[in-house]
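One structure below.
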Amino acid sequence: MIYADNAAATKISPSVLSAMLSVLDDDFGNPSAIHDFGGRAKRIIEEARLRVANVIGASPREIYFTSGGTESDNWAIKGIAAMCRKKNKNHIISTTFEHPAVLKSLEFLSRNQFEVTFLDVGSSGIIDPLKLRQAICSGTGFVTIMFANNEIGTIQPIAELAEICRKADLIFHTDAVQAVSEIEIDLRTLPVDLLSISGHKIHAAKGVGILYIREGVEIDKFMDGGDQERGYRAGTENTAAIAGIGIAMQNTVETRKNKFNVTKIRNKFIDGILSFGGARVHGDIERRLSGNANIGFDKIDGELVVLMLNRDGIYCSTGSACSAGAVEASHVIKALGFDSIKAKEAIRFTFSEDNTIDEIDYILQKLKEILKSRR
Ligand code: PLP
């Protein structure tokens, strides 16, 4: 098999797996229990919290474990909105190409007296900070803009956007689910107030995530129940998955260094694709995550190509995994200015350090055959 769908899910790394297995085998105590065995589980969680905090330049008190990126986004957006409502700040700013976890949280708020301005990302898939500046008004409560897009991989000028919000006294949340594995984030200097992370995009488990909440930021709690996560996110902690995400975050410091190799492989792939003719790459080619190549072939349905490649053991996707299964055209590709027909031509390849040049050659050869049979 050739796996080129790393934006959908990554392989659990050996060190993460070993940490998780050790917890599952030996440390099944409830972290809230007052006996020593519970204390061990609690310590495992606190060690993971410290690891995460150290990697992103935060204090452990600012790290909250969740069930994944979706929960982190929902909590950040709805939790901050609850505080903004009290201050009569009912305007939110976001973008048209956010992940559904953000877009649907915002839709929920729009049905509940909030007004949302969605900034247009343009054909590059990169937000112009000037547009954010212009959208801010006296009623604006907070801003949520993703760090890197999950479909086209474009990286946003987050430092600049966050700085604009800091100067305007606005809370700034970013969904860093796709970015954190390869972009160094130092929250001592980056004026981001809330940041979402997901385990299965960084070689840890599915069903675990992180929400960073800057000390002093007022947010409503997410789950009612026990006092876990300082009373903000009730529910017995998934100790094994948390131990794993702690290791995975620490691993990003080293694995980040491989991104130049991944870029090299990805660029070879893009060069090959563009040499076919009638092909395009969606979004800015330079300012994107190292492994991402979101492409389209004129007049050829993306889903068909994905299924044909699947027969040859090549795994990629048409858009975000969360919208696979749905036949609608990608909202991200449409946000770049393409119509629905063109948007349905999109195919996303997301490579990792495990992919090889030989694999790229093989995919290109198979794509060539597919194009020949369809044109
Ligand atoms: N945000 C982005 C940018 C994503 O790519 C994803 C998953 O695809 C999520 C949020 C949701 O994360 P999870 O699958 O952990 O709920």
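Counting starts at 1 for both ligands and their atoms, following the listed order.
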Do D73 and S196 have side-chain N/O donor and acceptor atoms under 3.5 Å apart? yes
Of the listed options T66, T70, N149, V208, closest to atom 16 (O) of ligand 1 (non-hydrogen atoms): T70
Is the centre of the F269 ring less than 6.0 Å from the centre of the F349 ring? yes
Any salt bridge between D26 and R40, counting N to O under 4.0 Å? no
Under the criterion side chain to side chain donor-acceptor pair (under 3.5 Å), I'd like the reasoning laid out for N74 against S105: C-alpha separation, chi angles, the key distance, then a yes or no. CA-CA 6 Å; N74 269 264; S105 296; 3.2 Å; yes
Quick one: does ligand 1 sit under 4.0 Å from the side chain of H200, the backbone, both or neither, non-hydrogen atoms only? side chain
Does the side chain of H200 pick up a donor-acceptor pair with the side chain of T10 at under 3.5 Å? no
Per-atom filter on ligand 1: closer than 4.0 angstrom to a heavy atom of D73 are 1 (N), 10 (C)
Before signing off on this row, confirm whether A101 and ligand 1 have an N or O atom pair separated by under 3.5 Å. no
Of all the atoms in ligand 1, which lie at a distance below 4.0 Å from a heavy atom belonging to G68? 15 (O)
Measuring from non-hydrogen atoms of K201 to any atom of ligand 1, is the shortest distance under 4.0 Å? yes
